[in-house]
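Structure first, commentary second.
Every chain is numbered from 1, with letters handed out A, B, ... down the list of sequences.
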Amino acid sequence: MIHSERIRPLNNNAVYDKKFVLYWMQASARAGYNHALEYAIKKANELKKTLIVIFALTPGFPGANARHYHFMLEGLFETRNALLKRGIKMAIVIGNPPDIAASASKEACLAITDMGYLKIQRLWRREAAEKIKCAFIQVESDVIVPVETASNKEEFAARTIRPKITRLLEKFLAPLNETRLDLRSAGSNIKDKEYSNIFKNAGEEIIPCPSGDHGTGAIIKNLGADPSVKPSSFYRGGAAAALKLLEEFIENKLDDYAGLRNDPSLGFLSNMSPYLHFGQISPLYIALKVKESQKKKTAADVYLEEIIVRRELSMNFCHYNDNYDSFEGLPEWVLKNFRERENDRREYIYTSEEFEKAMTHDHYWNAAQLEMAATGKMHNYMRMYWGKKIIEWSENPREAFKTAIYLNNRYELDGRDPNGFAGVAWCFGKHDRPWTKRPIFGSVRYMNENGLRRKFDIESYVKKTAELCRAEGVELPSLTHLMEKNHGGRNPEEI
DNA sequence: ATCGGCTCGCGCAA
DNA sequence: TGCGCGAAGCCGAT
């Protein structure tokens, strides 16, 4: 089922009688459970044309490095193969996305794209809409309830968006059926030679797909991506890896998710966020699988709250607030709050570089930073603590915001995601309520290491992290400290 | 161990 | 205009 709310024309041009339907794949980079893809197939069948899929790979995407490109490419090659099995050709082309989309659409009847929520993705769609000469339609496949359908404004908190989303779930939490591309009528209308011409002017197509590691190394080098952040050996990119993790999560962890998800010393998370970020798995598919699972209803509800309400609150934030990635995007009461605390004394002040190298006095914080640097994903609970402490130990909250965004975007596989921006902003009070006033934070929620000790076996988290960092060959002085003493800088007697 | 208060503003009821 | 209540907590009183 593709609801009309997911579909929006981005220009007023006509559908031509030309050679093929084009799907400019960008945010939903997958062959399964993709509304934009299914819509494109239906249109191709209606028009009796073939379908061509194109993905534009941007060299120098802001903040993207070898870790991100590697994960994305693993997924893209898998998607290309999966589409081929459905009789659909997909080209991965290096260049500027709107130019590639425009150029590739020259011989197209109709162009389809999907929907990402970052500013740069909005800009690409706008630019493409100006350049594409045929009809150009956007089909949303990255959320369960389309953002503008759920709400027409920036929401204040989870509690304000929750009723708006839940009342629409009956409608939008619905399965998506696959349509087969009708190859008999479509197959003959484009020849291989013509096909390759489509991309000639658009950019350089990535052809190689050797077995083994997919040969991403050379491609990443060609793209000029920052090699200093290494690919993660903990998370393999692609839909197959995502589905396997999801299955395992539902089978073994979902029942205890409500009670154990916050414990950093355990691993009761679904770890879907990197895959969701790169569009390698559908949030709708995950939600349906969890809902249909024969697991405890409360557990499933807690998970659904996170993957639907909280995740889509972050899309709402990025969609309606252009300053989602800067300090100025925070609510007025927060800005006023921090202005009043400008001159509060800071006991520790670290630079962005010191944070990056995990050189703080706090071993819990250092462990969290190292976990992120080594694996590409920090435990969700530690992300809160991590962000709160950057506020406490920076020159000022504006610097803190910059540091947190920089580090999150650089090391997290799910960095540069609406969830990441909303998560950082949450640490600064966004979407949260005020609490007891205290130094530096004012009435923005405070967190401290006592909470970690009170609630979890946090020492075992530190130990676990130190071990996996060593296994990864992380060589930082902070790691040695982590191995030697792991009591958050205090004597064991005090604990 | 458990509990209430802290603190702001949205959204709904009236 | 008043009132209830909220994404993950902390702290002091009991």
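Using a 4.0 Å heavy-atom criterion, one finds that A:D432 contacts the sugar-phosphate atoms exclusively. Within the nucleic acid shown, A:K164 has no heavy atom closer than 4.0 Å to any nucleic acid atom.
At whole-Å resolution of the value, CZ in A:R159 and P in C:dG4 are 14 Å apart. Computed from coordinates, the A:K455 NZ to C:dA7 C1' distance equals 12 Å when rounded to whole Å. To the nearest angstrom, P of C:dC10 lies 13 Å from CZ of A:R433. Remark: P of C:dC10 and CD of A:E449 are 11 Å apart, rounded to the nearest angstrom. Atom pair A:N419:CG and C:dA7:C1' shows a separation of 12 Å (rounding to whole Å applied). Between the C1' atom of C:dG9 and the CD1 atom of A:I391 lies a distance of 14 Å, rounded to the nearest Å. We find that CD of A:E305 is positioned 12 Å from P of C:dG6, with the value rounded to whole Å. Computed from coordinates, the A:W426 CH2 to C:dA8 P distance equals 7 Å when rounded to whole Å.
Screening A:R67, A:R311, A:R383 for a salt bridge (charged side-chain N to carboxylate O under 4.0 Å, His left out) involving A:D414 leaves a single residue, A:R383. Here the rule is ring-ring contact (aromatic ring centres under 6.0 Å, His included) with A:W365, and of A:F355, A:Y461, A:Y385 only A:F355 fits it.
Within residues 375-390 of chain A, the residues that have a heavy atom under 4.0 Å from DNA chain C are, in order of number, A:Y381, A:M384. Within residues 326-338 of chain A, no residue approaches DNA chain C, by heavy-atom distance under 4.0 Å.
Contacts of A:N448 classified as side-chain hydrogen bond (donor to acceptor under 3.5 Å, both in side chains), with partners at least two apart in sequence or in another chain: none. For the side-chain contact (heavy atoms from CB on, under 4.5 Å) test, residues two or more places apart in sequence or in another chain that qualify with A:A64 are A:F61, A:H68, A:Y69, A:R416. When the side-chain contact (heavy atoms from CB on, under 4.5 Å) test is applied to A:W435, the partners found at least two apart in sequence or on another chain are A:D432, A:R433, A:R445. Considering only residues two or more places apart in sequence or on other chains, A:D114 meets the salt bridge (charged side-chain N to carboxylate O under 4.0 Å, His left out) condition with none of them. Remark: A:R438 pairs with A:F441, A:Y446 by the side-chain contact (heavy atoms from CB on, under 4.5 Å) rule, at least two apart or across chains.
Listed here is the closest heavy atom pair of A:F136 and A:I112: CE1-C, 4.4 Å.
No salt bridge links A:R470 with A:E467; every basic N to acidic carboxylate O contact stays at or beyond 4.0 Å. A salt bridge is absent between A:E392 and A:R346: the closest approach of a Lys/Arg side-chain nitrogen to an acidic carboxylate oxygen does not fall below 4.0 angstrom. Residues A:E449 and A:R453 are paired through a salt bridge, judged by an N-O separation under 4.0 Å between the basic side chain and the carboxylate.
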Can you list, pair by pair, the side-chain donor-acceptor contacts under 3.5 Å of residues 327-334 of chain A, counting residues two or more places apart and other chains?
{"unit_1": "A:E328", "atom_1": "OE2", "unit_2": "A:R398", "atom_2": "NH1", "d": "2.1"}
{"unit_1": "A:E332", "atom_1": "OE2", "unit_2": "A:R339", "atom_2": "NH2", "d": "3.2"}

Anything under 3.5 Å between a donor and an acceptor, one on a side chain of residues 242-255 of chain A, the other on a protein residue two or more places apart or in another chain? List them.
{"unit_1": "A:K253", "atom_1": "NZ", "unit_2": "A:G267", "atom_2": "O", "d": "3.1"}
{"unit_1": "A:D255", "atom_1": "OD1", "unit_2": "A:K296", "atom_2": "N", "d": "2.9"}

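Regarding contacts with the backbone of C:dA7, a side-chain N or O of A:R162 is found under 4.0 angstrom from either OP1 or OP2.
The local environment of NZ in A:K164 is crowded, with over 12 non-hydrogen atoms from other residues, nucleotides or ligands closer than 6.0 Å. Heavy atoms of other residues, nucleotides or ligands lying less than 6.0 angstrom from NZ of A:K291 number 12 at most. Heavy atoms from other residues, nucleotides or ligands lying under 6.0 Å from NZ of A:K295 number more than 12.
With both ends at atom C1', the span from B:dA14 to C:dG4 equals 14 Å, rounded to whole Å. Rounded to the nearest Å, the gap between the P atom of C:dA13 and that of B:dT7 is 16 Å.
Residues A:Y381 and A:F456 bring their aromatic ring centres within 6.0 Å.
Interface limits on DNA chain B: the 5'-most and 3'-most nucleotides within less than 4.0 Å of chain A heavy atoms are B:dC6 to B:dG11.
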- Query: For DNA chain B, what dot-bracket results from Watson-Crick or G-U pairs at under 3.5 Å, with [ ] for crossers and | for inter-strand partners?
  - Reply: ||||||.||||||.
Under 3.5 Å between N/O atoms: give me all the protein pairs with nucleotides 11-14 of chain C, atom names plus distance.
{"unit_1": "C:dC11", "atom_1": "OP2", "unit_2": "A:N448", "atom_2": "ND2", "d": "3.1"}

